[in-house]
Protein chains: 2
Amino acid sequence: MARPAKFTLAEIRREALALVDRDGLAGLTMRGLAAALKTGPMTLYNYVDGKESLEELVVDAVASEVPPVAVTSDWAADLTVAATGLWATVRLHPAVIPLVLTRRTSTSASLRPAEDIASALARSGRTGFDLLVAFRAVMGFVMGIAQAELAGPLTSHIDPRQEATDLASIAGEANPTLAQLSQLAGEDARREFDEGLRILVLGLARERAPEGGSPENRI
Amino acid sequence: MARPAKFTLAEIRREALALVDRDGLAGLTMRGLAAALKTGPMTLYNYVDGKESLEELVVDAVASEVPPVAVTSDWAADLTVAATGLWATVRLHPAVIPLVLTRRTSTSASLRPAEDIASALARSGRTGFDLLVAFRAVMGFVMGIAQAELAGPLTSHIDPRQEATDLASIAGEANPTLAQLSQLAGEDARREFDEGLRILVLGLARERAPEGGSPENRI
DNA sequence: ACCTGAACACCGTTCAAGT
DNA sequence: ACCTGAACACCGTTCAAGT
């Protein structure tokens, strides 16, 4: 909150993200980051208000890496580009995903990827509640699937305390469909995302424009 | 991992969930739970392997509250029921949502809600990769939107350090669409979910069955 | 076998004192 | 004004000792 001299906020942000990328979310500690910067822990308090604020900085760092989206006359294409850009970027920093899912406060810069998605949907002609629903559906899908890839019903292993290691055979009895799916999961994450998004956009386009999905008007 | 006498694992599970519901995720500590149970912290280690295992217990507790789904001949209806049941249940325990999004290990019982969803989708005639994609899309949507309600681009406030409190006016300049949406967000969460799910199911049904969405075969 | 206090190696953050 | 060590109030968990 001050403008001191020993470090730059950008330096701290970069080092914090690097720390999370390297050691995971648990590795992001005030003391650990201070050590990485070769200072005492208290020095960081000259740059951030505390742990919460530090986490926000990390979310910011990731958001700033999401590529900007050019606006064309095809809202569905723009939406796909925006959603894919967000997904691909957070995937580069998997440990940060729980943080972006969890942060209750954001910088206006870190909201830009979401704004790009909302704006593409607005150009489908949606307004008000319809726009809200579409936005929630797309954001939910993008972030939900990004996180599900890391930790979800299909991510490896059942509880290790159940004596047996083969997921297919263990979860298999109680959960046969999941057991089957778990063998395919993660083989081609990009295609999983692309196809899922396509289905969602299909639903969005169908609901809006029974015939073709070209833009209608702006709000 | 043993079968001691002072408590029941079910008692510990119940108390742990109650603790999280009351004090949030940060309130779930080995020491805090022990205190709530009026024992020393070490006693808990006779029932769970450690913190991770305790968190899993809490996820289990929530999953066990998800209502079972009856199988009918209408896969889309079953899917809607299953997805809605999961969403409604996790919403009763909002502090647990980050935990269920994050757990990398699960009990076969806690996978049942996901199995119900996967199974409904399988009854749409999907197999293999197509089934995987549909499953990921639905799970991503359900959990993503549940979490987004708590913390997401539309949840109140911009960073408080930016001097101004009105989200609409602050985020508004940089993110006009979000600013507009934030005024509607959360007014009727149930309708947001229902409509979003409808769009997704619409996409799923259209992709599968150009004419009508009745079940085709089982896998 | 089940239980549990003491102790260790960590946290974030307040406070007070340095320059 | 910016910096920072010492100290406090917490964590999870190991270890050793109890019954």
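Below, chains carry the letters A, B, ... as their sequence lines are ordered, and counting in each starts from 1. These figures come from a predicted structure and were not determined experimentally.
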Please tell me if [X] has a side-chain N or O lying less than 4.0 Å from either OP1 or OP2 of [N].
X        : N       : answer
Tyr47(A) : dC2(D)  : no
Tyr45(B) : dT14(D) : no
Thr43(A) : dT4(D)  : yes

What's the [atom1]-[atom2] distance between [X] and [N], to the nearest Å?
X        : N       : atom1 : atom2 : result
Lys51(A) : dT13(C) : NZ    : P     : 8 Å
Leu9(B)  : dC2(C)  : CG    : P     : 13 Å
Leu44(B) : dG5(C)  : CG    : P     : 12 Å
Lys6(A)  : dT4(D)  : NZ    : C1'   : 9 Å
Leu28(B) : dC10(D) : CG    : C1'   : 15 Å
Lys38(B) : dC3(C)  : NZ    : P     : 18 Å
Asp23(B) : dC10(D) : CG    : P     : 14 Å
Asp49(B) : dT13(D) : CG    : C1'   : 12 Å

Nearest to side-chain heavy atoms of [X], which nucleotide of [options]:
X        : options                  : value
Met30(B) : dT13(C), dG12(D), dC3(D) : dG12(D)
Asn46(B) : dT14(C), dT4(C), dT13(D) : dT4(C)
Arg31(A) : dG5(C), dC3(C), dT13(C)  : dT13(C)
Thr29(B) : dT4(C), dT13(D), dC11(D) : dC11(D)

Ion pair present between Arg198(B) and Glu195(B), side-chain N to carboxylate O less than 4.0 angstrom?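 Yes, charged N to carboxylate O under 4.0 Å.
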N-O pairing of Arg112(B) and Asp116(B) below 4.0 Å: yes
Verdict with supporting geometry, Phe129(A) and Glu192(B), side-chain contact (heavy atoms from CB on, under 4.5 Å): CA-CA 8 Å; Phe129(A) 187 78; Glu192(B) 286 178 33; 3.8 Å; yes
Who is the Watson-Crick or G-U wobble partner of dC3(C), with both distances under 3.5 Å?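 Here dC3(C) is not engaged in any pair, so there is no nucleotide opposite it.
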Need the pair for dA9(D). Rule: Watson-Crick or G-U wobble, both distances under 3.5 Å, any strand; none if unpaired.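 Pairing partner, where one exists within any strand: none, as none qualifies.
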Which heavy-atom pair separates Ser53(A) from Val48(A) by the least distance, and what is that distance? OG-CB, 3.5 Å
Looking at Glu52(B), I want to see if its CD is surrounded by more than 12 non-hydrogen atoms of other residues, nucleotides or ligands under 6.0 Å.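 Counting other residues, nucleotides and ligands, CD of Glu52(B) stays at 12 neighbours or fewer.
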